Amino acid sequence: MRQQDWTDGLCITGNRGKRLNCNDGGEILEYSDKKLVIGWDYWGKETFLRREDGNYWFSSYSFMAPDSSIADEYVIALCGAPEKPWLHSTGRPVVRIRYSSWNLEDHLDNMKRDILEFLAATPQAQRILLAGRAEEAVACLLLASCIKKRYPSVRTGILGMPWNVGRESRHTEENCPQEKRLRVNPSLLLKENRAQGIDTCAYAFHVSNSNPEQVENNLRNLLDSLQIIYNFSPPCGWGEKDECKSAKNFIQQYPEIFKRMADCCFDDLKGKSAPPEYIDLNAWIMEDR
């Protein structure tokens, strides 16, 4: 068994289970070759799903919608990591989907179900912006496609993904298992969706310490797939070397810039923005000083 804070074996006797390396135990509520549900004596009920390595991994999932919201624009945040507080700085209600970082694919169907139920109860919703980490890019695309199929009039967009260029291959929902679809190239899936008439707007937030001209040229090559590319080139000595951490540092330091980014994305979803463009966030920062 694997949890966020521990890895251990479980000895099951009758309807009771006990961890091998400590005194924690509980009632076995469900046990199969795919799932283990245990009601711990002191920690409440937990679900573990069996993965390809043969271990049972802790699985958590929650869907948190804003209370009594009547907005026409929403942000849907996939949070497989610690909470992203800057998503609440856009001035729009946030739907939060929390899950264990290792089992996104196990909960994709739950996410689709809950999002569709939320939209059914929120008929005034017209524009949805999904946001997440790099590994959530394909999941966000699949969720956006699900929304468009059920509610064609709702405009959907995705912000914050590195849309890498990869080899051509088809990975549509019809011919690829779910767990494989989550590991494919998001830019290719985006093009395949559009070829099928499923239009989702894509916006890239890119942070790089590389040569600015080289970064700009590489990202401009993706503008046939993306509506807007936001690029931030950190000054020497700023942030950390890891690009993901630099992105986090940037957003925490400039929440007003992130709100401006979201505003541009929603303007594009409204049809108000200009054709695809490359936006240098460094210039925005200088404007605000």
Side-chain angles (χ1 to χ4, degrees), residues 1-68 76-85 87-88 94-122 130-143 146-147 150 171 173 176-184 244-245 248:
M1 301 173 67
R2 291 181 178 269
Q3 238 262 24
Q4 285 105 322
D5 302 318
W6 52 263
T7 298
D8 202 352
L10 187 75
C11 177
I12 298 177
T13 304
N15 67 345
R16 295 282 301 174
K18 182 179 179 301
R19 284 180 53 185
L20 299 181
N21 295 315
C22 73
N23 291 324
D24 282 347
E27 181 183 359
I28 302 299
L29 304 176
E30 182 178 345
Y31 178 48
S32 69
D33 59 353
K34 295 182 179 180
K35 180 193 292 188
L36 169 64
V37 181
I38 182 169
W40 297 107
D41 294 334
Y42 303 106
W43 307 107
K45 184 173 74 172
E46 289 186 338
T47 299
F48 294 78
L49 300 179
R50 188 177 184 181
R51 298 189 65 78
E52 295 175 355
D53 61 4
N55 292 312
Y56 286 81
W57 293 68
F58 173 69
S59 173
S60 66
Y61 172 80
S62 63
F63 183 91
M64 294 164 280
D67 294 331
S68 304
I76 295 180
L78 272 65
C79 305
E83 186 63 84
K84 305 173 178 66
L87 289 174
H88 296 272
V94 179
V95 176
R96 293 178 296 161
I97 301 177
R98 297 296 304 272
Y99 63 93
S100 302
S101 59
W102 52 69
N103 70 333
L104 172 58
E105 61 198 47
D106 296 321
H107 291 303
L108 191 62
D109 289 337
N110 293 334
M111 294 178 186
K112 291 179 179 179
R113 177 202 64 210
D114 290 337
I115 288 175
L116 293 180
E117 288 181 357
F118 168 75
L119 291 176
T122 317
L130 295 100
R133 300 170 301 162
E135 55 266 39
E136 294 157 344
V138 174
C140 282
L141 265 174
L142 293 173
L143 293 173
C146 179
I147 293 172
R150 180 70 64 88
H171 294 291
E173 291 201 41
C176 186
Q178 175 172 293
E179 65 274 10
K180 297 288 181 62
R181 293 200 308 273
L182 292 174
R183 300 169 190 163
V184 303
C244 292
K245 292 182 179 179
K248 178 180 178 181

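A quick note: this is a predicted structure, and the numbers were derived from the prediction, not measured.
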Which residues share a side chain to side chain donor-acceptor pair (under 3.5 Å) with Arg50, sequence neighbours left out: none
Under 3.5 Å: donor-acceptor pair, side chain of Asn15, backbone of Glu27: no
Gap separating the CG atom of Leu49 from the OG atom of Ser32, nearest 0.5 angstrom: 9.0 Å
From CG (Leu143) to CD1 (Ile97), nearest 0.5 Å: 6.0 Å
Approximate separation, where rounding is to 0.5 Å, of Lys18 NZ and Asp41 CG: 11.0 Å
Qualifying residues under ring-ring contact (aromatic ring centres under 6.0 Å, His included), relative to Tyr31, sequence neighbours excluded: none
Main-chain N/O of Arg16 paired with Thr13 side-chain donor or acceptor, under 3.5 Å: no
Nearest atoms (heavy-atom pairs only) where Val94 meets Ala77: CG1-CB, 4.2 Å
Arg2 side chain near Thr7 side chain, heavy-atom distance below 4.5 Å: yes
Partner residues of Asp24 under the side chain to side chain contact (heavy atoms under 4.5 Å, CB included) criterion, sequence neighbours left out: Arg19, Cys22, Trp40, Trp43
Geometric class of the Phe48/Phe58 ring pair [parallel <30°, tilted 30-60°, perpendicular >60°]: perpendicular
Spacing of CG belonging to Asn23 relative to OH belonging to Tyr42, to within rounding of 0.5 Å: 9.0 Å
Ring centroid separation Tyr99 to His107 under 6.0 Å: no
Spacing of CE belonging to Met111 relative to SG belonging to Cys146, to within rounding of 0.5 Å: 12.0 Å
Qualifying residues under side chain to side chain donor-acceptor pair (under 3.5 Å), relative to Arg150, sequence neighbours excluded: none
Any residue meeting ring-ring contact (aromatic ring centres under 6.0 Å, His included) with Phe63, in chain and number order, not counting sequence neighbours: none
More than 12 heavy atoms from other groups under 6.0 Å of CG on Asp53: yes
Glu30 CD to Ile28 CD1 distance, which is reported to the nearest 0.5 Å: 10.5 Å
Partners meeting ring-ring contact (aromatic ring centres under 6.0 Å, His included) with Phe118 (sequence neighbours left out): Tyr74
